[in-house]
Enquirer: 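What follows is a single structure, and I will ask about it in a moment.
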Amino acid sequence: MQPAAPAKLARPRIAGLILLQCGVVMGLALIGWGVWGRGTAFSAFTGGLVAAIPNAFFAWCAFRYQGPAQARNIVKSFYQAEAGKFGLTAVLFTLAFVAVPPSNPAFFFGAYVVTLLVHWLGPWLLRRPSHIQSRG
């Protein structure tokens, strides 16, 4: 009898989610530019980046470790990633409103919310097909 190998969990498809968020940010900026002008496009772009950059930071920090031997490091990295994401979000909001105030705050916050929705719906949007076969 062979010893049982430890189960390996598939890594989450974080890169796809980050790319999807960046695509949504670019799409919203292009729509804003085409319909309302450059100022609106920049507001949408800035609002989307305020949401996407902290999410990318969280993904980079939180998913560094894998495996049961790294459980303590995994938990520690999740706490650090969440704290960093919160701080980075606050800094980016402050920077966005102090350095370059948005010309259209509705598009700034709209793009921020839509980018967050992509993050929340990401597991559903990027779900993997099931490989479970029924035994009949």
Side-chain angles (χ1 to χ4, degrees):
M1 228 177 169
Q2 299 229 358
K8 285 201 169 197
L9 296 174
R11 285 187 174 255
R13 296 186 336 179
I14 300 300
L17 180 60
I18 300 299
L19 288 175
L20 181 63
Q21 282 185 323
C22 291
V24 167
V25 170
M26 293 304 294
L28 290 171
L30 288 173
I31 290 170
W33 190 0
V35 178
W36 290 281
R38 186 172 47 183
T40 300
F42 189 70
S43 293
F45 183 73
T46 308
L49 285 183
V50 168
I53 291 172
N55 285 335
F57 173 80
F58 178 86
W60 176 68
C61 287
F63 296 107
R64 288 184 288 185
Y65 303 103
Q66 185 179 14
Q70 298 289 331
R72 184 166 293 173
N73 289 332
I74 292 170
V75 172
K76 186 178 172 182
S77 70
F78 264 83
Y79 281 116
Q80 289 173 344
E82 188 60 37
K85 177 181 172 182
F86 181 75
L88 189 56
T89 302
V91 166
L92 289 175
F93 262 115
T94 303
L95 189 63
F97 280 102
V98 171
V100 242
S103 64
N104 191 336
F107 270 82
F108 177 86
F109 287 110
Y112 178 80
V113 168
V114 169
T115 306
L116 284 182
L117 284 175
V118 169
H119 178 73
W120 292 338
L121 297 174
W124 179 71
L125 294 171
L126 297 173
R127 68 180 170 201
R128 295 180 179 164
S130 177
H131 296 298
I132 299 173
Q133 297 178 0
S134 62
R135 298 179 189 184

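Excluded from the calculations below are hydrogen atoms, water molecules and symmetry mates; all remaining heavy atoms, backbone and side chain alike, are included.
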Enquirer: Listed by chain and number, what are the side chain to side chain contact (heavy atoms under 4.5 Å, CB included) partners of F93, not counting sequence neighbours?
Expert: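 F93: side chain to side chain contact (heavy atoms under 4.5 Å, CB included) contacts with V50, T89, F97, F108, F109, Y112.
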Enquirer: Write down the atom of P102, the atom of A96, and the distance for their closest heavy-atom approach.
Expert: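 Shortest heavy-atom contact: CD-O, 4.0 Å.
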Enquirer: If the condition is side chain to side chain contact (heavy atoms under 4.5 Å, CB included), which residues does F78 pass it with, not counting sequence neighbours?
Expert: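 Result, side chain to side chain contact (heavy atoms under 4.5 Å, CB included) vs F78: F58, A62, F63, I74.
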Enquirer: State the CG-CG distance between L95 and L88, to the nearest 0.5 angstrom.
Expert: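 Spacing of CG (L95) from CG (L88) equals 10.0 Å.
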Enquirer: Hey, what else clusters with Y79 if you join Ile, Leu, Val, Met, Phe, Trp, Tyr whenever side-chain heavy atoms sit under 4.5 Å?
Expert: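 Listed partners: V75.
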Enquirer: So, taking the atom named OG in S43 and the one named CG in L28, what distance separates them when rounded to the nearest 0.5 Å?
Expert: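 It comes to 12.0 Å.
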Enquirer: Which heavy atom of C61 sits nearest a heavy atom of S77, and at what distance?
Expert: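 Heavy atoms only, the tightest pair is O-CB, 3.5 Å.
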Enquirer: For residues 16-28, which residue pairs qualify under side-chain hydrogen bond (donor to acceptor under 3.5 Å, both in side chains), counting only residues two or more places apart or in two chains?
Expert: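 Qualifying pairs, neighbours excluded: none.
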Enquirer: Can you tell if the side chain of R64 reaches within under 4.5 Å of the side chain of Q80, non-hydrogen atoms only?
Expert: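 R64 vs Q80: side chains touch.
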Enquirer: Output every pair passing side-chain hydrogen bond (donor to acceptor under 3.5 Å, both in side chains) with a member in residues 50-61, not counting sequence neighbours, ordered by first then second residue.
Expert: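 For residues 50-61, and leaving out neighbouring residues, the side-chain hydrogen bond (donor to acceptor under 3.5 Å, both in side chains) pairs sorted by first residue read N55-K85.
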Enquirer: Could you state the interatomic distance from CH2 (W120) to CG (L116), rounded to the nearest 0.5 Å?
Expert: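 The CH2 atom of W120 sits 5.5 Å away from the CG atom of L116.
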Enquirer: Is any side-chain heavy atom of V100 closer than 4.5 Å to a side-chain heavy atom of T46?
Expert: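 No, their side chains stay 4.5 Å or more apart.
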Enquirer: Are the side chains of L92 and L49 in touch, meaning some heavy atoms are under 4.5 Å apart?
Expert: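 No. Closest side-chain heavy atoms not under 4.5 Å.
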Enquirer: Same cluster or not: are F42 and F107 linked, directly or through other Ile, Leu, Val, Met, Phe, Trp or Tyr residues, by side-chain heavy atoms under 4.5 angstrom apart?
Expert: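 No; tracing contacts between hydrophobic side chains, which count when under 4.5 Å, never links both residues.
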Enquirer: Could you please spell out the steps behind the side chain to side chain contact (heavy atoms under 4.5 Å, CB included) verdict for M26 and F45?
Expert: CA-CA 7 Å; M26 293 304 294; F45 183 73; 3.6 Å; yes
Enquirer: What pairs of donor and acceptor atoms, side-chain ones from residues 29-40 against any protein atom, are under 3.5 angstrom apart with sequence neighbours left out?
Expert:
none

